[in-house]
Number of protein chains: 4
Amino acid sequence: MSNLHEECGIFGVFSERSEDVAALTYYGLYALQHRGQESCGIVVNDDGVMTAHKDVGLVGDVFTADRLDKLGTGNMAVGHCRYGADKFNSRQNCQPVVVNHMKGCLALAHNGSLTNAYSLRETLEMQGAIFHSSSDAELIACVITQQRIVSKSIEEAVCGAMDKLEGAYSIVVMSPTKLIAARDPHGFRPLCYGRIPEGAYIVASESCALETVGAHFIRDIRPGEILMFSPNGITSIDTHCEKCKPSPCIFEYIYFARPDSVIDGVSVHQARKNAGALLAKAHPAEADVVIGVPDSGIDAAIGYAEESGIPYGLGFIKNKYIGRTFISPGQKTREHQVRIKLNPLGEIVRGKRVVLIDDSIVRGTICAHIVHMLREAGAAEVHMRVSSPPFIAPCYYGTDIDSKDSLVAVSHTIEEIRRIIGVDSLGYLPLEDLPGVLGNKGCGYCNACFTEQYPTAVPDQRSKNRFEQKLNRVMNR
Amino acid sequence: MSNLHEECGIFGVFSERSEDVAALTYYGLYALQHRGQESCGIVVNDDGVMTAHKDVGLVGDVFTADRLDKLGTGNMAVGHCRYGADKFNSRQNCQPVVVNHMKGCLALAHNGSLTNAYSLRETLEMQGAIFHSSSDAELIACVITQQRIVSKSIEEAVCGAMDKLEGAYSIVVMSPTKLIAARDPHGFRPLCYGRIPEGAYIVASESCALETVGAHFIRDIRPGEILMFSPNGITSIDTHCEKCKPSPCIFEYIYFARPDSVIDGVSVHQARKNAGALLAKAHPAEADVVIGVPDSGIDAAIGYAEESGIPYGLGFIKNKYIGRTFISPGQKTREHQVRIKLNPLGEIVRGKRVVLIDDSIVRGTICAHIVHMLREAGAAEVHMRVSSPPFIAPCYYGTDIDSKDSLVAVSHTIEEIRRIIGVDSLGYLPLEDLPGVLGNKGCGYCNACFTEQYPTAVPDQRSKNRFEQKLNRVMNR
Amino acid sequence: MSNLHEECGIFGVFSERSEDVAALTYYGLYALQHRGQESCGIVVNDDGVMTAHKDVGLVGDVFTADRLDKLGTGNMAVGHCRYGADKFNSRQNCQPVVVNHMKGCLALAHNGSLTNAYSLRETLEMQGAIFHSSSDAELIACVITQQRIVSKSIEEAVCGAMDKLEGAYSIVVMSPTKLIAARDPHGFRPLCYGRIPEGAYIVASESCALETVGAHFIRDIRPGEILMFSPNGITSIDTHCEKCKPSPCIFEYIYFARPDSVIDGVSVHQARKNAGALLAKAHPAEADVVIGVPDSGIDAAIGYAEESGIPYGLGFIKNKYIGRTFISPGQKTREHQVRIKLNPLGEIVRGKRVVLIDDSIVRGTICAHIVHMLREAGAAEVHMRVSSPPFIAPCYYGTDIDSKDSLVAVSHTIEEIRRIIGVDSLGYLPLEDLPGVLGNKGCGYCNACFTEQYPTAVPDQRSKNRFEQKLNRVMNR
Amino acid sequence: MSNLHEECGIFGVFSERSEDVAALTYYGLYALQHRGQESCGIVVNDDGVMTAHKDVGLVGDVFTADRLDKLGTGNMAVGHCRYGADKFNSRQNCQPVVVNHMKGCLALAHNGSLTNAYSLRETLEMQGAIFHSSSDAELIACVITQQRIVSKSIEEAVCGAMDKLEGAYSIVVMSPTKLIAARDPHGFRPLCYGRIPEGAYIVASESCALETVGAHFIRDIRPGEILMFSPNGITSIDTHCEKCKPSPCIFEYIYFARPDSVIDGVSVHQARKNAGALLAKAHPAEADVVIGVPDSGIDAAIGYAEESGIPYGLGFIKNKYIGRTFISPGQKTREHQVRIKLNPLGEIVRGKRVVLIDDSIVRGTICAHIVHMLREAGAAEVHMRVSSPPFIAPCYYGTDIDSKDSLVAVSHTIEEIRRIIGVDSLGYLPLEDLPGVLGNKGCGYCNACFTEQYPTAVPDQRSKNRFEQKLNRVMNR
């Protein structure tokens, strides 16, 4: 998949007085860092004057005390962190995007992926537009500023732009005087807002970022809603709401989001525990201990243990120092590299029949290494349970799943996968249990990666190819 | 406490052929990084030629691919990582120490703290010795090289040096042709060895480092033992064994060591689970959920839950991006800073009676913040249980505990502490349960920090003061 | 002055085969570094695929071996280095500009300053254009790509764009298959080309860069000329030539260019020597030694000495280690800072009547410090001679001269300036001698900074103010 | 040659009040940077408390504003910069050396090379001494601290140490309360002192460093003299003076020192001009222009021009951006690399008979490239004149000359060298003209590199080999 498809975190602050909005955004991005570790940026708006810093790297590396200081104080800010196993891992693609246009300056942060990016871009280029990056964010900024020429206000321009954008987008837009949060009509990606008691309003991809800055959660932005914060108060524009059936991404619950977030009314941790419990019902096992692969398998393991009555155990110690700087020197095997990151707790698994919970199986290779380590550590039996259905289709809404070729479930039966990863039994969460994961709340979720049933038209492969060819022409390293 | 008192990790490799011993040491230090995050170093011995690199910083920052490459291959290596809330956080104090003496070159890595450092150093200085650092490691290297003049071999010199050293020391010494591991007669700090199947011998502070490099644990170095690896094989010198009753540090089990390590025959994870279970017996609670403060409270929480029958829950999400670069900007309160690192999982604690497990209480401040966050998240009751007895005395054997003045348990009753941290009930692990933590194995442990009963003479305060005054004369930044 | 007005160096390579064009550009930028030390960049074109790296900093800092390596080989490249005492010293303004448009990718490097930037930008914004930076280069790229829609080729688009651009611009434009060099009809900034024997064609701001890469000088690009290198050969388009009387910048000879460059047929070193000789005739002095302020006063000092018969002497030693990292700590006076950079050679000036040559006097402050140092070193008399006429007007063509307020010659008589800088006599190069500096070659030069006679309309102050206000809205640090 | 032989710069400050001695030392090291560009360090003494920072790199890179700030204020400081084409280019060898000994702390900076380092070190090691580096500075510190045990004061210890040291050493020693400058009895390396008007006393390798910090030169430290600055005033100890005939290094004048320095009463610039004039008499030439190889050939070229009446010309432009970060990418020849650093000024040499002056010829390779460039630039004839006699012998006093094998003059006649470098005629400064270079002042200089007549015993090759073998055992990178 290209870098156009990525998972990101976005954050915005709107305050009535000048304060340290850069620090708030810094904390918020720390809380959202799991959504994107490749690059990050903050733009501070001090009474219309915007100051920005963004770069490739983690929040803690990009924002030194000195850098943060230079951003100064202000009454608004926008922040962004970005994921992308990105061959164009360039500074050009760092967000927020900041552009000058007829009406002054505009900053924009985006999470999602447009399905009509290719044709939209071609149309704009035919009109003379030029692009410095390959990001959807720059494209959206261009559509909004084009609309601005024929609109009376920035919110009208955002509204007009939404008529043209298709696919997944949660955005925060900052004009000299207003902060605007918007979510696409399907609501693929999460977005919520809250308020610091008697202080600033906060917009964030996940509620955990609100809590981190001491804000109280107010509510999710609704699919299709435009929410504007201005000196005149808060305005909701709902002309794009209910244009289609909402279909938030279910994989946010299974893998992406932080367990302490609540998205569209459902606790992520609870959803994972539910998945574990449903898995225990669907695929029980005769076993002595239930363990989870850290970190995202832990919650489901606890749920499986509770439901099954088999004791929960700490199966692995994760090395918390393995980060971006780890270099894997020497002639070590890939299994060795897994072991450095994850060491089984011999005490827990030796001589035991083990239920091993993970959130998903992509290629199966890492999974096989983990199972092998458990056996070496003395596990008598290993019963693998996966807290999601098998992956069989690519995502066009901002998730960077491996191409279909490398998804083990596309070309193998469950029994074949069982043999590949070397377990005694293997069970996936049944597709029909997905609603139960969310406590049967919500009126529909996007589960295309498990079903190949897409809620929107998907990108035309031909224009996409043409586009990617052109993009390949620039690689800003 | 001064920088003389620190917790460290040490690592050694002895191979019969030239291989990538630097990479092995790099992996080993990654596995031991929790024992010391301030500085690290590796010395490679290639047939007598030693190449070293060491600096202030984490293993992943100090050792780039290029740096590791320059260390080259060899048949032996020594590695070290160091902790120290160190006002002299200097490069001079980085280990391993490498010195040239009459018989060539010697490298040394040390974990522990000498109790006679002050007088030993004064004696040597009276004889003309000069010191470049304030570390015990340099002092031990000096004593060994002095002994070397009157000894027939390096192992004899180490043996002679041990007659002069008092207190806690686990060391790895590398001469041009031999690797020597030694542990003080009390065995305060852990040290063990193992072997990569048909490959190199590995010496390490903890067994988790053996597993990380694919080595099989053979056994712990015995208190007082000198173990020498040379081209002629492995030799154990036990003249200092059983000179005194061994007293390994019990706090290694409670806090320092990694749960997947086994020290002196006892699993660290099991010890912590035992502590949790004993705590459940000693201080039961009427509650709905048991949660642990990550990471070191988790094991005990699982033990408490199992023993009590109260369900175990994930109480907090720890932000895994908070590292050395986190800068805490803005006017945030200390509680705010705690919240960025640790966010309570509202789903788990809301409306619940919570048992909260932590490994210790030092000042009580952070603990109070955590409790306050739980209450804000909706916990109905909070019952704090601590998996160790109250801290009442400083450690002279390599642990950097706060001075007595700041230990809350020194000057407050349990009831006062309960009120300070704001919990509904508070229970510490009873002193008499400590043997049970270790499964009643072992013949005695140092628990001086809980009892003020030191197994050795403690440093003379007067000479210590004189010494620290002198040390203050040099601060190499 | 704003950052729109800056002196820069540009460089281009066109080869018929794939080779290490990045290395050639690296060397070329090293040779042009004196034209711009704030930022630099290289874009490599490998058969249509463009790879770029650019950043704030010197060539030697921005391009590590690794960075250069990643640019790969190719058949074309464009390079840029930029000067700018730039309050927006941002990465956004680094060049070459690289943009995607309808016809693929385009890279552009620019030296000069447009006089209609403000109105041009407003017009484009009214049509929906957005700008990421405040640079003229992005603006020119936008005009060219707009033209590209209605043009049959990139060269036709450049030609069409030149109808809209006013002021000073020497540019190198790279399309997927062509390299285009163009110089504005006035020829304000230099641009020439040459060829490596049997190898690549090279375009560069100055001929010294050709020599550095081993290329032989062919000729200057003519004012108004578009020179296109394509697989079909070299094509010159002269539709904009002779549209106006050429007026290359005379200050290139006096200060900017490297003495070993030859521009429009005149050697820079020779021009400076001529200035010195003419100065000796116009303002003779009774003196014992002629010295020059390094580096740009040296050539004229040699010319003055030859003409006058007074011996030439090394007057100052310049500290060659003072670079970007020098921090001037402590409570030192400004004079002290000058002394660290420049120390008078007592041996040469003690007891002597000294003729001191510098290329210009701007504020007079540094000059006064230098004179004071000479007196302290024992100079009996100091006769200052300046190898250019007095500065009295701002430059709108790419030179960042101080604003009129700070030009000492605007508000002071020669006698007043003499007293301010503390010399025994002071003589400027007479205005009428300027043609002689260039050996009476050429048919006219821009000397507006000395005469306030501008060869073009100058920017409208009102639109400029409006524009700068808007730009202030974004500061990408 | 090994790193034991190096040229360095040393600097010391003694003030009666606490002030910004770190800044003074920073400026001083900038002025002395030409004496050593590999590493540098500063130690500040604040009323007995010493704070140090040192590292590999240029002064401007090692000392950031922050680093300098952390050194704080004080009443004394010592600084050092070091040269060394050093295979052990390690932090361990950075100076000043700072050690703790019986009487507290001691810092020491050294320039020179001991001829009895090998035996001295062996003797100390036999007594149990250990060494962390291979530097003479650590060795001297060890000898002094050993002496301190049997001495009443630090000055007495320095005096006693000088009885044991042989060879070249100029040192600055700082104890908690005193600053001591000493120069070996031969006075091989320069050392002088001065005073900032009504301020601090300054000790420096060269007088240019005094001027840089605004100090007035008082006098050179005499060969063999110990000069002590203490709260009780300045004391000179001359017990080692006149123990032997002084023999300062003549190569300081020819190459090392800055032209604006005055050493032992002789101006470096004047000495070089003298050399040029004497060369003009000894080897006249029929020529049109005299040019010098920058920087050190310039002074002699001016002298040659004045004496011969042939005009002086600027022959080359040196690229002032080529520094430590320059990486020479691509398949360029060595000549190409020379051209990037040095470009001939075609205007000056085209069609001319050129006299080319350089200070020395070592291997002849670079010289040949320079001559080739001149011919390519159109020089009709090239007459090479060298302002020193031919190099025929290694230096044992701190100069890192190539080994005898690579000195072209050892194995070739003048005529052969002429052909190798490709010039029309070649003339070296006659040996008998050396006194004239210094204006026939001084009573004898060391010219062993030209004569092989050493003023001291030279190191015993056998002990040296043994020693270097041992040193090879540690390479701290």
Side-chain angles (χ1 to χ4, degrees), chain C residues 20 22-24 26-27 30-31 33-34 37 58-61 63-65 68-69 208 211-214 258-260 262 267-270 273 295 298-299 302 305-306 311-314 316-317 319-332 336 339-340 343-348 377, chain D residues 19-20 22-24 26-27 30-31 33-34 37 58-61 63-65 68-69 208 211-214 258-260 262 267-270 273 295 298-299 302 305-306 311-314 316-317 319-327 329-332 336 339-340 343-348 377:
Chain C
D20 198 348
L24 284 174
Y26 175 82
Y27 289 121
Y30 250 105
Q33 185 83 86
H34 61 286
Q37 307 177 30
L58 291 169
V59 175
D61 294 329
F63 290 97
T64 57
L68 213 47
D69 220 52
C208 67
E211 288 172 13
T212 292
V213 300
R258 241 172 68 168
D260 51 339
V262 176
S267 151
V268 173
H269 171 68
Q270 190 58 50
K273 270 186 71 177
D295 293 325
I298 299 291
D299 314 72
I302 293 174
E306 281 187 11
Y312 167 73
L314 260 192
F316 299 94
I317 298 302
N319 190 321
K320 53 188 172 177
Y321 300 97
I322 306 288
R324 291 171 66 90
T325 55
F326 183 71
I327 50 173
S328 310
Q331 301 298 334
K332 299 291 140 198
H336 230 110
R339 183 188 296 278
I340 287 144
N343 197 34
L345 236 159
E347 206 62 24
I348 293 299
Chain D
E19 55 176 304
D20 198 348
L24 285 174
Y26 175 82
Y27 289 120
Y30 250 105
Q33 184 84 83
H34 62 286
Q37 307 178 28
L58 291 169
V59 174
D61 294 329
F63 289 97
T64 56
L68 213 47
D69 219 53
C208 68
E211 288 172 14
T212 293
V213 299
R258 243 173 67 168
D260 51 338
V262 176
S267 152
V268 173
H269 172 67
Q270 190 57 51
K273 270 187 71 178
D295 293 324
I298 299 292
D299 314 72
I302 294 174
E306 282 189 9
Y312 167 75
L314 259 192
F316 298 94
I317 297 303
N319 190 319
K320 53 187 173 179
Y321 301 97
I322 306 287
R324 291 171 66 91
T325 55
F326 183 70
I327 50 173
Q331 301 298 332
K332 299 291 142 199
H336 230 112
R339 184 188 296 279
I340 287 145
N343 196 35
L345 235 160
E347 206 62 24
I348 293 299

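Below, chains carry the letters A, B, ... as their sequence lines are ordered, and counting in each starts from 1.
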Part of D:E19 within contact of chain C (heavy atom distance under 4.5 Å)
neither
Toward chain D, the part of C:F63 with a non-hydrogen atom under 4.5 Å:
backbone
Does D:N343 have any side-chain hydrogen bond (donor to acceptor under 3.5 Å, both in side chains) partners at least two apart in sequence or in another chain, and if so, which?
C:E211, C:D260
Report which part of C:Y312 has an atom under 4.5 Å of a heavy atom belonging to chain D: side chain, backbone, both, or neither.
both
Do the non-hydrogen side-chain atoms of D:K320 and C:D295 ever get within less than 4.5 Å of each other?
yes
Between atom CZ of D:R258 and atom CG of C:L345, what is the distance when rounded to the nearest 0.5 Å?
9.0 Å
For a quick check under 3.5 Å, do D:Q37 and C:Y321 share a side-chain donor-acceptor pair by atom type?
yes
Any chance you could measure C:I348, atom CD1, to D:S267, atom OG, to the nearest 0.5 Å?
7.5 Å
Using heavy-atom distances under 4.5 Å, tell me whether C:P311 contacts chain D through its side chain, its backbone, both, or neither.
side chain
So which of D:Q270, D:Q33, D:K273 has the largest heavy-atom pair count under 4.5 angstrom toward chain C?
D:Q33
D:I302 CD1 to C:L314 CG distance, which is reported to the nearest 0.5 Å
4.0 Å
Partners passing side-chain contact (heavy atoms from CB on, under 4.5 Å) against D:T212 (at least two apart in sequence or in another chain)
C:I340, D:Y27, D:A31
What pair of heavy atoms forms the shortest contact from C:N319 to D:Y30, and how long is it?
ND2-O, 3.0 Å
Is the shortest side-chain heavy-atom distance between D:H269 and C:I317 below 4.5 Å?
no
